[in-house]
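One-based numbering along the sequence shown. These numbers were taken from a predicted model, which means no experiment stands behind them.
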Amino acid sequence: MKRQAYQPILITDAARSQDDQLTSRQRRYVVMMGVRVACVIVGAILVGVRAPLLWLWLPLVALGMVLIPWLAVLLANDRPPKERHRLANRFSSRSATEAAPPPMSLAAEERPHKVIDAEP
């Protein structure tokens, strides 16, 4: 049986940690909900001062108040896509998968070890 050469896994190729992903999604959610609060405040001010073109501004602010929370929840629950999707493997060509074999770890007896010369 032919063995493949050892290929180290680079740490720079690693995906972001779960905590980093969660933190960035939480920040994005808070910012989007802050924009929604701003829409509510701007809408209240426009109605209070009876701004000109109220018929134009009020629907725009209302649209922001309705769409932004929906988008915020969708984006907060979204995770980055996986690099290898299960369906992507079905449609990829065989030559591409054979050219880049997955990294393999070495068995204990195959690992490079230090040779110590023992002199009698």
Look only at the side chain of N77 and the backbone of V73, and say whether a donor-acceptor pair between them is shorter than 3.5 Å. yes
Roughly how far apart are D20 CG and R25 CZ, rounded to 0.5 Å? 11.0 Å
Interatomic distance, CZ@R36 vs CG@L67, rounded to 0.5 Å, equals 11.0 Å
Could you pull out the closest heavy-atom pair between W57 and P52, with the gap in Å? CD1-O, 3.7 Å
Hey, quick one: are V61 and V35 part of the same hydrophobic cluster, counting side-chain heavy atoms closer than 4.5 Å, chains of contacts allowed? no
Count I, L, V, M, F, W, Y as connected when their side-chain heavy atoms are under 4.5 Å apart, and connections chain through other members. Are V40 and V47 then in the same cluster? yes
In terms of hydrophobic clusters joined by side-chain contacts under 4.5 Å, are V31 and Y29 together? no
Interatomic distance, CG@L60 vs CH2@W55, rounded to 0.5 Å, equals 9.5 Å
Heavy-atom closest pair, residues A72 and M33: CB-SD, 4.1 Å
Give me the atom names and distance for the closest heavy-atom approach of M32 to L75. SD-CD1, 3.9 Å
Is there a path of hydrophobic side-chain contacts, each under 4.5 Å between heavy atoms of I, L, V, M, F, W or Y residues, that connects L58 with V49? no
V42 and L46, any side-chain heavy atoms less than 4.5 Å apart: yes
Grouping I, L, V, M, F, W and Y whenever their side-chain heavy atoms are under 4.5 Å apart, do V37 and V66 come out in a common cluster? no
Of all heavy-atom pairs linking C39 and M65, the shortest is CB-CG, 3.7 Å
